[in-house]
Amino acid sequence: MATDSNNSSATRDLPEIGTLVVDTGRDRIGVVMDHMDDLVQLRPPGGGREWDCRPSRIRPATRAETLSARVSAANADSRLPH
């Protein structure tokens, strides 16, 4: 039973799915897509290939980083044919 509470505690410490975070090991911003075992799966805000990151290497994105990511995603989307 102790293992279950430890896993629950660890899960609560992970950022919510959909949250923008920074992978400090790669210096990349990503959207939390899922939690798998002891990894967090991230994807670039404008879409693209997911990558795995250890929770200890992520931090919340600042307001400036969030705004920059949203502008970049909007710019990329505006270049697609509609």
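On a predicted model such as this, the values are computed, not experimentally measured, just so you know.
Residues Val21 and Ile29 fail the side-chain proximity criterion, which asks for heavy atoms closer than 4.5 Å. For the pair Val31 and Thr19, the minimum side-chain heavy-atom distance is 4.5 Å or more. Counting heavy atoms from C-beta outward, Leu39 and Arg54 have side chains that approach closer than 4.5 Å.
Of the possible polar contacts, none joining the Ser68 side chain to the Ala64 backbone as a donor-acceptor pair under 3.5 Å is found. Here the side chain of His35 pairs no donor or acceptor atom with the backbone of Ile17 at under 3.5 angstrom.
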> Does the side chain to side chain contact (heavy atoms under 4.5 Å, CB included) test come out yes or no for Thr24 and Arg59, once each step is laid out?
Replying inline: CA-CA 7 Å; Thr24 60; Arg59 65 168 175 79; 4.0 Å; yes

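Considering CZ of Arg28 and CH2 of Trp51, their distance stands at 4.0 Å, rounded to 0.5 Å. In this structure, CZ in Arg43 is found 4.0 Å from CD in Glu50, a value given to the nearest 0.5 Å. Here the CD1 atom belonging to Ile58 is positioned 6.5 Å from the CG atom belonging to Leu14, to the nearest 0.5 angstrom.
Ion pairing between Arg57 and Asp23 holds under the 4.0 Å rule for side-chain N and carboxylate O.
For Glu65 and Thr62, the side-chain atoms include at least one donor-acceptor pair closer than 3.5 Å.
Around atom CG of Asp27, no more than 12 heavy atoms belonging to other residues, nucleotides or ligands sit under 6.0 Å away. Crowding of Arg70 atom CZ: a count of heavy atoms from other residues, nucleotides or ligands under 6.0 Å not exceeding 12.
Nearest heavy atoms, Pro45 versus Gly30: CD-CA, 4.4 Å.
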